[in-house]
Structure formats: C-alpha cells, structure tokens
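The figures that follow rest on heavy atoms only: side chains count, while hydrogens, waters and symmetry mates do not.
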Amino acid sequence: MEERTIGRNGSSGKGSFRFGIGVDGKKDHTVVELGSIDTHRLLLSVGERDKKQLPPTNSLSSRQMKSLSALCDTILPSLDHFPHSSDESVNRFYRISASMAGTPQLFGGMICEKLKHPMTGLLKLVLWALSTWFGTLILCGMGCVSTKFPFIHSYPDLSVEKRQQIMRSWSLSYIRHLRQLFRTIKLLTLLIFFTQLDESEDNLSWKAIGYCGPDPEFKAQLKNHFLEGKSKRGEEDKEDEDVEEVIGPLYKGLVHLNNPRDITADALRRIGFPVSVIRRKHKAAANLSSPSLVIQCDAVVVGSGSGGGVIAGVLAKAGYKVLVLEKGGYFARNNLSLLEGQTMDQMYLNGGLVASDDMGMFILSGSTVGGGSAINWSASIKTPQHVRKEWCEKHGLELFGSELYREALDAVCEKMGVQSEIGDEGFNNAVLRKGCQEMGYPVNTIPRNSSSDHYCGWCCLGCKDGKKKGTLETWLVDLVKSGNGAILPGCEAIKVLHKKKEGKDRKVARGVAFEFEYKGIKDICVVESKVTIVACGALCTPALLKRSGLRNQNIGRHLHLHPVTMAWGYFPDEPASEVWPEAYKKSYEGGIMTAMSSVVAEFEQSGYGAVIQTPSLHPGMFSIVTPWTSGIDIRDRMRKFSRTAHIFALARDKGSGTVESPKHISYRLAGVDEENLQKGIEKVLRILAAAGAEEIGTHHNKGRTLNVKQVSYHEFEKFVKEESSRPLADLSTPLCSAHQMGSCRMGSNPKQSVVNQTGETWEMEGLYLADTSVFPTALGVNPMVTVQATAYCIAQSVVEVLRRKRS
C-alpha cells in the first residue's frame, strides 16, 4: 500500500513513516511504505501533538483529594519567610505551594492510573482515613489534638506547622508502615512537582534551581530541523541520510500495529515474513485460538535490549528471519524529548515507578526499543576476572572460562566502539577523581560506549545524536540492514507457545502470543517460530515463563539488585577565585560515568564489596533522594542542585530477593551487603570533603549536614563515623537499583538453575533466555558488556540449532 503526504512546499512524497499519538499517549511511528519523507513537517507534527497529551484521569473522591492536597502542601507549602532574592523566579519558587502548581491533581491521576504497587489500595484507604478525625488520631497520634473544639482535628484541618511535625515523626517512626507512607508521599510529591510542565514545556522551579531543562544543544538541533529544513529534496542519497539523522537508523525495520491488519501484514510480507490474516466476526473478542495475525519466522526475540538486541542482530546477519517484539515504544534521536518526567513515562518500566513491595528499594529499568542500553549511563566494563572464575568454578559454567567468551567480550566492545578517552570530565566525576587522588584511593577511568567528546548528562533520557552505541545504534541496525528482521514496538508477550513432541520428555517451544492495542481495544497476534528467545529483563522474564506453564522452582528467585546508596557534597560557584569545579560545570552535565573507585570493592579478596561511582540526577530524581525535614529546608537544598555532587556506593549483593512481576518484588538487604554499603559511604564522605566540598551529608531522613570548612578534625571524624554507620534497611535512607539480575539463573543442573550454559531452558526445548536474568550471581559492576557477551555466546548456540533445522 502506498500512502502519500503533502509537504510544506505543496509537493507530495511517499510516506514510509507517520508520527502520531498512540492509544497509551505515547508517540507512534508507523511504517507503511519506505520512501521520501518531509522530516521538517514530521517533526513539527510531533511537537504539536505532544502538547495535546492529556494527564492521567484522577478518580479519587473529594475526601481523598482533600487529604492528598494537604499532604502535598505539607511537603511543599507556600512560604512567607525566606531569604528574598533580586531574582523573582527564586522568590516565586519559595512562595508557590504544591497545590498552587497543580501537583495534587497529577498525583491523584498517578495513583489511579499509573501506580502499580501492592500498597496502592492501602494508600487510598489512608487518604480517606486522614480526612476523618478518628483516622487522623490513629495515624498521627496526639499531634492532631488541641484544646479548642472540636479538640481532635482531621489532617487537612491542622496547621502547616503541625502537619510538618507529623510528617517528620512518620519519617523516623518505629512503625514501618508510617515510614512507608512518608516515603511514598515525599517521593511522588517531589517527583511530580520538579518534572511537571507548563504549556511551554517549562517548570516553574527550574530557573530558580539552576536547571536548563532539555540539553540546549538538543534544542538547537531541533531548531535546525524545524526552521532551516535540513532535508535535501531531490538528492536521493542525501535524503536517506537526513531521515536517519532525524529518526534514527531503525526506521526501515519498524512495523507498528496501529494500522489495519492488512496494512501491517503487507509491511511484514515485504520484509519476507509469511503472514496469515485471521478474519473474525464483528466485535468478536481476540483470543489465542483466534488471533488477528499469525506471523512465521525462524526466531522470535522478546525484548530489544542488551540481550535481545544482540541475539537478534547475530541471527539476522547469519541469514535467519528474526522478529523482535518490544513492549516499549521507539524513541530515537530527534524524536526524544529529553524531559525527565515525560521520558520516565515513555522509556522506563512502569513509568519509572517500580519499587519493592516494602518500598525499601527504588528500581529503574528501561522499557523501550534498545531497552536499558537506550537510557543507561554508558559504562562498558568487561566481566571482572574474579567473577568469571567464580561462575566457572563454583557454578560449573565452563562458558565463562572459554575462548568463545573472551572473543565475545572483544566483539561486543568493538561493536559498541568502547573506549576510555575523556575530552572534558563532568562535574560529579571530576569531584570523585580529585577526591580519590587526594585521599590516595584507587581511581580508574570507566570505558564507555561513546566518543571522548560525548559531554552529555542527558543520556539517561535517551541519546540525542546516536553517539552512545546502545543496541538501537548497533545490533538492531545489523538486523534491519540485513533485510531479515523487523521490530514490533508496543507489543507485550503474554505466553510462550509450546507443543508436546512424541518420544521427548520436554515440551518444545513453537513461538509466542503477544498482545497490543488497536484503537483502544486489546488484540492478540501469534508468532510461529523455530526457536524462541526471551530477553525481557530480570523483572519481566520470570512472569512470562510462569504464564507459559514453566514450573522450575528457580524462576523468579535469586534476584540481585546491586543496591546503591549515595552521599552528596556542595561546591559553591562563588567566590570566583576559589570556584572548583569550574563555574560553567553543572551537576547534571557531562559524561555520566567516567571515574570509578574500587577502594572497598574487595576485588582481590572475596569479590563481594562495593564500587564507588557517580549517578545522573536531574531535578526529579535529585529531589526524591534528598532528605526532607521541612518545606523551607527542601527548597534550600534544591537551590543548590546545580552545584551539588553526588557519589554512590554500589554493592555486589550476596543477599537476594524474588520477583513475581514488576508489580511484586520482594527484596531485603542482607547484613553483609549493608556493611559493604556503609564502608562505601564512609569513603564517599571523605572523597567529597577531600575534593573541596563546603558542605557534605547523606540521604538519611534526619537530614544532617556538615560544613567541612568550619569544623575541627574531630568533629569531621565524628560526623563521618555516625552517618556512615546508620542502618540502611529500615526505610530511613533511600536505596536504589538500576541493575537487576539472576532471577532465571544459568547453571549446571535444573535443581539450582533455569537454563543451561547454552541459554536453553531445562524445561522446554527451543526456548532460550538471553538477558541479565541468567547471571548466576550478582556481577558487581555495570552489566551491559557482560549481558551482551553472554547473549553473543547464546546466539552461537541458536545459530547452530537453526542450521541443523534448515539442513
């Protein structure tokens, strides 16, 4: 089918790519037919349509909203007494409350539509209870009692001062559920307030805290395309380059399912996939026995991240027809927003709102084409030798000591262009490196899958120019250029299909059923394949296997999270003669990870310790880890945002948890892991002080700080000792995870593992896993290179199986 579009100059051209807003509010990019594109017009239409996205529906009752507004205004009240500034944006920042900014309404919508957590129902009950005097008495104690009628007040009727006292008491309460309540209210209020946008895609706090919003270079890049019309009509060779620069290199292999079935089927057939269209009676519900489409291929890959992307690219280059199913959407280069809130909603699992059941761990995981490699921090560290030795000797996995695995490590690093040069080091990493050098701690340069001049702090929101070589810029490009593959975004696998084969004990995988939305209605398609590869991440893979009837007791167990805790240091930008890091440097800019210390990593001993690195924190994430003690204190801390360095300790956790699904994750920090993190934080505080921080602190709810320049040596030592020895597993300090692994681990026998060392499941023939879920233990460093190398090796096994089937 051919679809024609009218350009701004009135000319028409073939439209192979249409932008739109999908049924879930996300951008859609639909491949209809490949041809010339008016990229200027396409990008303009995206910007216009994005502004029409509606906030989530808030169905909370008036009572619940009254309580929620009071809670939000407790965290961020309107202030009259504050240090006035000649900058009116600063004064407005202090004066405006959460409710004046519309935060409670957005919070309510998030609770009703986006928050997928076991305690969401309890939160709604608490909101109702706080609107009553008896519920407030139960939750707040004597804080709601007064000598004036009616003597016991509901939470919204209390003064701001009393509400803040109650909030502080919750944050340090002996009752765990009250600490959970405080954490939830604080986290979501601050996250929404510092990421919400007005009609001009600005936030009322950003100027006051020294944040520029999306990367200014990216804004200029968009302006060039919008106002200068960068596409060169009439130059066919140049046109493809322009389209790729604007949209990214995958556009020819993307097939979206928001078109009528016949159009989608034709698009797949043109790439070489046999497709059957199933005609159902009008309004008949979709089901597995009557799917909309049945697609045939050699291999179906569920997930497009560092595992799925690699295996898909290898198989397609080997000449096999490969279909990639991706739950998330496709956002590449100039189609990104680089807006924190919008990106979390679009490119992170569950909108970035994933936490363990007890709220003890915040968890970030990519959910977009490219998976975690699209939004990670570029660190490209090869599997440490002591880890490979442990996996080989203690877990019986010869793969990790083999020449194949060594070749795989080199191959994936070469594909990603991994290098260790740094043009100009960013704020946080400069602090880490200098502090380590001053203290005599070891500090190394982290290899990255980006160029030495890639001075960008927004890569956690997607890479604006393709310099960060995630799978959507490497392995998936191989898939598309081979002509043997297609990528279907917005598709969620619901079941691995299988059959019983005569004479065999094991079932045999025969494909995948997946679900998608078309015109607001759930629909189902089936992929029939010779081999099936599941690579949807350590949080999602176990749930898919269980839905598919696998019963191995290790599925969903042994989940490792690389728990992280942070400390911070403030580096003023005046007086000018003493400013370091340089005044032009901001905490949110520069290469996210370029320096690392192994001072407490125990690499040469047990192998289980903590590495010290730096995070990427834009205002929303910065605010939720920052301690809250009062409305004015949180604003004072946020005013220092752009010159506050954060450094974290990341533990190679011996402890583990379980995962039923991203909505149900159970994880408690083990004692040995807590001790390793405490050792790490002690070193981090010393690093920050040695680097020249004026003020330092941790993220403990008490919010203690120390002005390093004004205290004695003994006072400094006392502070470091006390703050680094505080408990970490009691919800008093935020713990975070950006790496999840081990939930379907690889091993040498089915009683202790889910897959063998070829990646094939013990239970089902032809079903392979190729993501971080197969790690036998926690890794201890950033996992991208390790999972890519593991997937590369598994791909060799799959190629051999397909070769035998073909012959």
Exercise for review: Start with the C-alpha gap between Glu113 and Thr57, add the side-chain angles, then the distance that decides, and say whether side chain to side chain donor-acceptor pair (under 3.5 Å) holds.
Suggested key: CA-CA 7 Å; Glu113 287 196 0; Thr57 302; 3.2 Å; yes
Here the side-chain hydrogen bond (donor to acceptor under 3.5 Å, both in side chains) pairs for residues 369-378, sequence neighbours left out, are Ser373-Thr471
For [Y], is there any backbone N or O sitting under 3.5 Å from a side-chain donor or acceptor partner on [X]?
X: His117; Y: Ser356; result: yes
X: Lys468; Y: Cys459; result: yes
X: Asn701; Y: Ser171; result: yes
X: Asn258; Y: Tyr518; result: no
X: Thr614; Y: Ile647; result: no
X: Trp170; Y: Ile175; result: no
X: His560; Y: Asp653; result: yes
X: Thr541; Y: Ala538; result: no
X: Ser548; Y: Leu550; result: no

Sorted by chain and residue number, the side chain to side chain contact (heavy atoms under 4.5 Å, CB included) partners of Glu675 (sequence neighbours excluded) come out as Gln678
Sorted by chain and residue number, the side chain to side chain contact (heavy atoms under 4.5 Å, CB included) partners of Val310 (sequence neighbours excluded) come out as Val314, Trp475, Gln788, Ala791, Tyr792
Should [X] and [Y] count as side-chain neighbours, where that means a heavy-atom distance under 4.5 Å?
X: Gln180; Y: Met119; value: yes
X: Met638; Y: Phe194; value: yes
X: Leu190; Y: Ile75; value: yes
X: Asn350; Y: Ser365; value: no
X: Phe182; Y: Leu172; value: no
X: Glu492; Y: Phe516; value: no

Does a salt bridge link [X] with [Y], judged by any charged N lying under 4.0 Å from a carboxylate O?
X: Lys522; Y: Glu517; answer: yes
X: Arg333; Y: Glu473; answer: yes
X: Asp358; Y: Arg176; answer: yes
X: Asp215; Y: Lys464; answer: yes

Contacts of Glu340 meeting salt bridge (Lys or Arg N to Asp or Glu O under 4.0 Å) (sequence neighbours excluded), chain-then-number -> none
query = Under the salt bridge (Lys or Arg N to Asp or Glu O under 4.0 Å) test, which residues partner Lys114, sequence neighbours left out?
reply =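 For Lys114 the salt bridge (Lys or Arg N to Asp or Glu O under 4.0 Å) partners, ignoring immediate neighbours, are Asp345.
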Trace of the side chain to side chain donor-acceptor pair (under 3.5 Å) decision for Thr343 with Gln346: CA-CA 5 Å; Thr343 299; Gln346 293 174 336; 5.3 Å; no
Between Thr733 and the options Ile681, Val625, Leu677, Thr565, the side chain to side chain contact (heavy atoms under 4.5 Å, CB included) test singles out Thr565
Next on the checklist: His558 vs Phe775, test: side chain to side chain contact (heavy atoms under 4.5 Å, CB included). Steps then yes/no.
Outcome noted: CA-CA 10 Å; His558 315 295; Phe775 286 11; over 6 Å; no
Closest non-hydrogen atoms of Ala101 and Phe193, given as atom of the first, atom of the second and distance, are CB-CE1, 3.8 Å
Between Trp206 and Tyr211 (judged by ring centroids, cut-off 6.0 Å), do the two rings come close enough to count as a pair? yes
Item to check | Listed partners of Tyr608 passing side-chain hydrogen bond (donor to acceptor under 3.5 Å, both in side chains), at least two apart | outcome: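 Residues passing side-chain hydrogen bond (donor to acceptor under 3.5 Å, both in side chains) with Tyr608: Glu390, Arg652.
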Next on the checklist: Show, in sequence, the C-alpha distance, side-chain angles and deciding distance for Tyr768 and Val774, and conclude whether the side chain to side chain contact (heavy atoms under 4.5 Å, CB included) test is met.
Outcome noted: CA-CA 10 Å; Tyr768 294 81; Val774 305; over 6 Å; no
- Query: Hey, mind stepping through Phe641 and Tyr588 against ring-ring contact (aromatic ring centres under 6.0 Å, His included) and telling me if it holds?
  - Reply: CA-CA 9 Å; Phe641 160 74; Tyr588 53 89; 5.5 Å; yes
Problem - Between CG on residue Leu336 and CZ on residue Phe331, distance to nearest 0.5 Å - result: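 Taking CG in Leu336 and CZ in Phe331, the distance rounds to 8.5 Å.
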